[in-house]
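I have placed the structure first, in the form of structure tokens, so that the comments after it can refer back to it.
By convention here, the first residue in the shown sequence is residue 1.
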Amino acid sequence: MERASMEVAGMAEEDQQRIAGMIDALQARDSLRMYNALVERCFGHCVDSFRRKTLEKQEETCVKRCAEKFLKHAMRVSMRFQELNYDKVTPD
């Protein structure tokens, strides 16, 4: 990771800004994908009927639990990914 930071630091300001913009766009895309996956999974799993325009109490509870579990899992995966990347960057 340090090597990549040094390589970016040695680039022209315009190139650094372009790379930062690309990273921002990728992060926004990934956030939208995660949000869409969360909505699809939890809505599909928890919502059974469309009799009312609001969720029934058990549906609402299910969606909240599902969202919490999904986000906790996503955070654990992210943390593990960071650990693995850190292990690759640092010499043993």
Side-chain angles (χ1 to χ4, degrees):
M1 193 66 97
E2 289 180 28
R3 181 178 171 201
S5 297
M6 289 189 302
E7 289 176 7
V8 171
M11 293 180 165
E13 181 68 28
E14 181 180 307
D15 291 337
Q16 289 179 18
Q17 289 177 354
R18 191 178 82 234
I19 289 173
M22 290 169 50
I23 290 170
D24 288 344
L26 289 171
Q27 288 175 335
R29 183 196 69 193
D30 289 344
S31 293
L32 286 173
R33 283 183 180 171
M34 187 175 84
Y35 176 78
N36 286 336
L38 167 76
V39 170
E40 273 187 46
R41 180 178 181 155
C42 294
F43 187 85
H45 178 74
C46 297
V47 179
D48 297 323
S49 68
F50 296 94
R51 292 183 297 245
R52 300 170 27 188
K53 63 181 179 179
T54 59
L55 294 176
E56 293 181 10
K57 186 66 178 169
Q58 70 270 15
E59 291 173 332
E60 185 176 345
T61 301
C62 180
V63 168
K64 285 181 181 179
R65 285 186 183 146
C66 179
E68 287 174 5
K69 285 181 182 181
F70 187 95
L71 293 174
K72 283 180 184 179
H73 174 74
M75 287 175 57
R76 287 185 70 179
V77 168
S78 176
M79 289 172 57
R80 184 65 178 135
F81 183 72
Q82 288 174 355
E83 290 171 5
L84 292 172
N85 279 338
Y86 182 76
D87 290 345
K88 287 182 181 179
V89 173
T90 57
D92 291 333

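Other cluster members for Val39: Tyr35, joined by side-chain heavy-atom distances under 4.5 Å among Ile, Leu, Val, Met, Phe, Trp and Tyr.
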Under 3.5 Å donor-acceptor pairs involving side-chain atoms of residues 60-77, not counting sequence neighbours:
unit_1 : atom_1 : unit_2 : atom_2 : d
Glu60  : OE2    : Lys64  : NZ     : 3.4
Thr61  : OG1    : Lys57  : O      : 3.0

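When all heavy atoms of Cys46 and Glu59 are compared, the closest pair comes out as O-CG, 3.4 Å.
A search for salt bridge (charged side-chain N to carboxylate O under 4.0 Å, His left out) contacts involving Glu14 returns nothing, not counting sequence neighbours. With sequence neighbours left out, the side chain to side chain donor-acceptor pair (under 3.5 Å) criterion links Arg18 to Asp15. Leu32 pairs by the side chain to side chain contact (heavy atoms under 4.5 Å, CB included) definition with nothing, not counting sequence neighbours. Residues that satisfy the side chain to side chain donor-acceptor pair (under 3.5 Å) test with Glu13, not counting sequence neighbours, are Gln17. Applying the side chain to side chain donor-acceptor pair (under 3.5 Å) test to Thr54 and every residue at least two apart in sequence or in another chain returns Arg52. Shown here are the salt bridge (charged side-chain N to carboxylate O under 4.0 Å, His left out) partners of Arg33, two or more places apart in sequence or in another chain: there are none. Partners of Glu40 under the side chain to side chain donor-acceptor pair (under 3.5 Å) rule, at least two apart in sequence or in another chain, do not exist in this structure.
No single ILVMFWY cluster, assembled from side-chain heavy atoms under 4.5 Å apart, contains both Leu38 and Phe43.
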